[in-house]
Amino acid sequence: AFIAQSSAMSAVYQIVEDYRFKNAITALIALDCAINAFDCPATRAHKDAEVGLLVADYIFTVLFALEMLMYMIAYGVLPTKDLSADAYFKVPWNRIDFFVVVSSASSLIWSDVEILRAFRSLRAIRLLL
């Protein structure tokens, strides 16, 4: 059960539990997947397309990092006796999401490490859940 520790936690909790927020995140994931479908060597050969994909990567990474932080604020990071049993890192999907967000951010910093970019495809799994 959720136990608000502060008014800020409660306010953020109300946002992340709202169906409109969840629908917006689902739409962002679908859009991110659609844009990533165009990410291939042939597309990256065109400088404008490569720049567009990079800008999209930055935007989506920031948005998904903000979403992750909002969930951490709303539920807490780790479960405690006083905090929600649904603390961020207690939920298995959130641990995967954390890995995807961190690897996405890392891929923008270390762009020559292609395996980091591949982990972004795990985000598409959320559309199935």
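- Contact annotation: the side chain of F60 approaches that of I35 to within less than 4.5 Å [non-hydrogen atoms, C-beta and beyond].
- Within the model, atoms CG of D48 and OG1 of T43 stand 12.5 Å from one another, a figure rounded to the nearest 0.5 Å.
- You'll find the side chain of D97 reaches within 4.5 Å of the side chain of E67, heavy atoms only.
- From L31, atom CG reaches atom OG1 of T26 across 12.5 Å, with rounding to the nearest 0.5 Å.
- For S107 (side chain) and S104 (main-chain N/O), a donor-acceptor pair under 3.5 Å exists by modelled atom type.
- M72 and V62 fall into different hydrophobic clusters, where Ile, Leu, Val, Met, Phe, Trp and Tyr are joined by side-chain heavy atoms under 4.5 Å apart, directly or via other members.
- Here OH of Y88 is found 9.0 Å from CH2 of W93. Values are rounded to the nearest 0.5 Å.
- Under a hydrophobic clustering in which Ile, Leu, Val, Met, Phe, Trp and Tyr are joined whenever their side-chain heavy atoms come within less than 4.5 Å, directly or via other members, L66 and V101 fall into different clusters.
- Evaluated for a side-chain contact (heavy atoms from CB on, under 4.5 Å) with D32, the options I29, L28, N36 yield exactly one hit, N36.
- Within the 4.5 Å cutoff, no side-chain heavy atoms of T61 are placed close to those of Y58.
- Linking Ile, Leu, Val, Met, Phe, Trp and Tyr whenever their side-chain heavy atoms come within less than 4.5 Å leaves F38 and L108 in two separate clusters.
- Here the closest non-hydrogen pair linking R95 and K90 is NH2-O, 3.9 Å.
- Here CD1 of I73 is found 10.5 Å from CE of M68. Values are rounded to the nearest 0.5 Å.
- With a 4.5 Å cut-off on side-chain heavy atoms, V16 and Y75 count as touching.
- One finds the CG atom of D39 at 9.0 Å from the CD atom of E50 (value rounded to the nearest 0.5 Å).
- Heavy atoms of other residues, nucleotides or ligands lying less than 6.0 angstrom from CZ of F89 number more than 12.
- Once rounded to the nearest 0.5 Å, the distance linking CG of D18 with CG of N23 reads 8.5 Å.
- Follow the hydrophobic side-chain contacts under 4.5 Å out from F21 and you never reach Y19; the two are in separate clusters.
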